[in-house]
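Keep in mind it's a predicted model, so treat the numbers as computed, not measured.
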Amino acid sequence: MASKHTFRGIAAGLFLCGSLLAAIYYVQPETFFAISNGSDEAIEDDNSATQEIVEEIKRENEELHIQIEELKAVVDNEVNEDESVIEADPLYISILSIEQGMTSKDISHKLETLNIVQSAQEFEAALSDRGVAQQLQIGDYTLDSTMTLDEIIDLITSQ
């Protein structure tokens, strides 16, 4: 059987070898990872291939930036065209509740407040012209701002 000193000697030798290999690795790591053909030309070929790939990626990146700018311009033009549509009169939808005791004047002002008609006086005049100012029906009516005065009058005076 080996003695205690023998094992310590082997351990010390292994420690020294490991330390020596570590020192060489940290000082010159390329000696551990040498290229198989051992020539600097292979490294230069790899570098030139890498440079070509980088240049190709840069060209593609520039093309993409140009396309993005073109798309932004198209979107900006569409937004500017759409702004004219936004400037149109908005659509108002409301429920008109006609209760017992309400007059045509009350209803006209309520319709104007709800933005269903442009003018309460115009609506009252239309009711008077048709002779239906006293024929308003109690109930709830769904109206919108695109309806004509005649459509509104027909709706709130019929049963």
Mind checking whether L111 and M102 sit in one hydrophobic cluster, side chains of I, L, V, M, F, W, Y counted as touching below 4.5 Å?
yes
Roughly how far, to the nearest 0.5 Å, is the CG atom of N115 from the CG atom of L91?
11.0 Å
Hey, is CD1 on I95 packed in by over 12 heavy atoms from elsewhere, all under 6.0 Å?
no
If you count every heavy atom of other residues, nucleotides or ligands that lies below 6.0 Å from E151 atom CD, does the total exceed 12?
yes
Minimum-distance pair of heavy atoms, taken over all atoms of S119 and E112
CA-OE2, 3.9 Å
State whether a side-chain donor-acceptor pair under 3.5 Å links T148 with D150.
no
To the nearest 0.5 Å, atom CD of E122 lies from atom CG of L149 at 5.5 Å
Under the salt bridge (Lys or Arg N to Asp or Glu O under 4.0 Å) test, which residues partner E60, sequence neighbours left out?
none
Derivation of the side chain to side chain contact (heavy atoms under 4.5 Å, CB included) call for E124 and H109
CA-CA 9 Å; E124 281 185 75; H109 286 289; 4.3 Å; yes
N/O donor-acceptor pair under 3.5 Å between D106 side chain and T103 backbone
yes
L136 vs S104, side chain to side chain contact (heavy atoms under 4.5 Å, CB included): CA-CA, chis, key distance, verdict:
CA-CA 8 Å; L136 301 171; S104 61; 4.0 Å; yes
When rounded to the nearest 0.5 Å, the distance separating OG of S97 from CG of D140 is 3.5 Å
Report yes or no: does S145 contribute a side-chain atom to a donor-acceptor pair with the main-chain N or O of I116 at less than 3.5 Å?
no
Taking only residues two or more places apart in sequence or in another chain, which ones pass salt bridge (Lys or Arg N to Asp or Glu O under 4.0 Å) with R8?
none
Nearest-0.5 Å distance, CD1 of residue I10 to NE2 of residue H5
13.5 Å
Determine yes or no for a side-chain-to-main-chain donor-acceptor pair under 3.5 angstrom, with Q135 supplying the side chain and A133 the backbone.
no
Residues I153, L155; criterion side chain to side chain contact (heavy atoms under 4.5 Å, CB included); working and verdict
CA-CA 5 Å; I153 292 170; L155 184 64; over 6 Å; no
Are T146 and Y92 close enough, and set up right, to give a side chain to side chain contact (heavy atoms under 4.5 Å, CB included), and what steps lead you there?
CA-CA 8 Å; T146 62; Y92 294 99; over 6 Å; no
Find the distance between CD (E63) and CD1 (I66) and round it off to the nearest 0.5 Å.
7.0 Å
Hey, could you give me the CG/CD distance between L127 and Q134, rounded to the nearest 0.5 Å?
10.0 Å
Is the shortest side-chain heavy-atom distance between I156 and Q137 below 4.5 Å?
no
Side chains of L143 and I93: closer than 4.5 Å at any heavy-atom pair?
no
E56 and R59 ion-paired at < 4.0 Å
yes
